[in-house]
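What follows is a single structure, written as structure tokens, with notes after it.
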Amino acid sequence: MNSTLTQAPINAPGKDYEALTTKGLWFLLPPVLVLLAIFFVSYATFLAQSFHELKPGLAMVGEKWTLNSYLRFFTDPLYPSFLWESIWRSAEMTAITLVIAYPLAYFTVRTRSNLARYIILIVMLVPLLAGGITIAYAWIIMLGNVGLINSTLKAAGIIDTPIQFLYSWRGVIISVVHYLTPFAALVLLGPIQNIPRSLEEAAVNMGANKFQVFMKVIFPLTISGIIETISLTFALALSSFLFPLLLGGGRVKMMSNIIYEKIAVSYDLPFAAVLAIMLLITSLAAVLGLARLQRFFKNRYEQDL
């Protein structure tokens, strides 16, 4: 009996589990390939459209291949300025979202009150369940000249004339940040929760104050999560369409709104394709750059956890 026990492989259950997991992944391969095919075929079609020309006087795409749409983008300073404006505003929205979401996520993880944790999670999930249109129209009501915010400020004597929130970047930034904050906070929950509380307690026992604990312990160990959050929120902000359309009222334009106008109003599919490709390249470059930065900080600070 002893020889039988000695000959039994110790890691057999691990091998069985690994084999089962590998087989399960093969079942997931076909739907993943289908999704990737749809993604690449759609963008390949749009890419092909960008090399065609729009027939003069007609809302039809010609058969001739040309680079005129690309030349138009790079020679007309208007459209690159729209792209840079979208990048700058997206970075601004991402920074504001991170400033709000990080303390919210930290308090959610570290609070000892389960009731407070549940309330915060419910508040964060409600905007995700409500949908963008509901949130946008709610902010239109709140940010109007006679809306809740202006009425409250006027009644308190803080302002004499209403603040112009609607049809300006103020309203767009407020609404987009409100929409992005739950995404950012939920992403940050995991990195913050992975920090052992004992590390913070050890830093306090060694004489560190709260700011030093944050800068020396919490921030370095969550920086990869912060970069991941920045990547997600920046990509969502850069592609935002609904909030600039409804709260901007045509005066505030992101690249997605320009693309929509070129398709639905001007019927200029080739140039819309060029704008979409430039927006995609910008978004991918930002995400890839942030991914490399995340890998660097993760290897530097989190490899011993």
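All of these numbers come straight from a predicted model, not from anything done at the bench.
For the atom pair CG of L166 and CE of M142, the computed distance is 11.5 Å after rounding to the nearest 0.5 Å. One finds the OH atom of Y137 at 10.0 Å from the CD1 atom of I141 (value rounded to the nearest 0.5 Å). Once rounded to the nearest 0.5 Å, the distance linking OG1 of T75 with CG of N68 reads 9.5 Å. Annotation: the span from I135 atom CD1 to L247 atom CG amounts to 11.0 Å, rounded to 0.5 Å. The CE atom of M254 sits 3.5 Å away from atom OG of S240, with the distance rounded to the nearest 0.5 Å. Going from atom OG of S151 over to atom CG of L148 covers 7.0 Å, rounded to the nearest 0.5 Å.
In this structure, E200 does not pair ionically with R197, as no charged nitrogen and carboxylate oxygen lie closer than 4.0 Å.
At least one donor-acceptor pair closer than 3.5 Å links the side chain of R117 to the backbone N or O of T108. With Q294 contributing its side chain and S224 its backbone, the two residues share a donor-acceptor pair below 3.5 Å. Between the side chain of N205 and the backbone N or O of E201, at least one donor-acceptor pair lies under 3.5 Å. Proximity of a side-chain donor or acceptor of S86 to a complementary backbone N or O of M255 within less than 3.5 Å is detected. Counting only distance, with no hydrogens or angles, the side chain of S113 and the backbone of A116 share a donor-acceptor pair below 3.5 Å.
Checking each of L189, I218, T111 against Y106 for a side-chain contact (heavy atoms from CB on, under 4.5 Å) leaves exactly one that passes, namely I218.
Heavy-atom neighbours of F73 CZ from other residues, nucleotides or ligands within 6.0 Å: above the threshold of 12. For I133, the CD1 atom sits in a loose shell: 12 or fewer heavy atoms of surrounding residues, nucleotides or ligands are nearer than 6.0 Å. In F107, the CZ atom is not crowded: 12 or fewer heavy atoms of neighbouring residues, nucleotides or ligands sit closer than 6.0 Å. Heavy-atom contacts from other residues, nucleotides or ligands closer than 6.0 Å to OH of Y179 number 12 or fewer. Within 6.0 Å of CG in N209 there are more than 12 heavy atoms belonging to other residues, nucleotides or ligands.
Side-chain contact between L238 and T282 is present, with heavy atoms from C-beta onward closer than 4.5 Å. Contact annotation: the side chain of P220 never approaches that of I223 to less than 4.5 Å [non-hydrogen atoms, C-beta and beyond].
The aromatic rings of W139 and H178 stand perpendicular to each other, their planes meeting at an angle above 60°, with 30° marking the opposite boundary.
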Run F51 and Y70 through ring-ring contact (aromatic ring centres under 6.0 Å, His included) and show every step you take. CA-CA 8 Å; F51 290 103; Y70 288 93; 5.2 Å; yes
Should K253 and E85 be marked as a salt bridge (Lys or Arg N to Asp or Glu O under 4.0 Å) after you check the CA-CA gap, both sets of side-chain angles, and the distance that decides it? CA-CA 9 Å; K253 293 183 179 181; E85 178 78 2; over 6 Å; no
Could you walk me through whether L232 and V287 pass the side-chain contact (heavy atoms from CB on, under 4.5 Å) check? CA-CA 8 Å; L232 173 65; V287 170; over 6 Å; no
Taking it one step at a time, do Y102 and F214 satisfy ring-ring contact (aromatic ring centres under 6.0 Å, His included)? CA-CA 12 Å; Y102 195 99; F214 175 77; 5.7 Å; yes
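Here the two rings, on Y79 and F74, have centers that are 6.0 Å apart or farther.
Residues I174 and L128 share a single hydrophobic cluster, defined by chaining ILVMFWY side chains whose heavy atoms lie under 4.5 Å apart.
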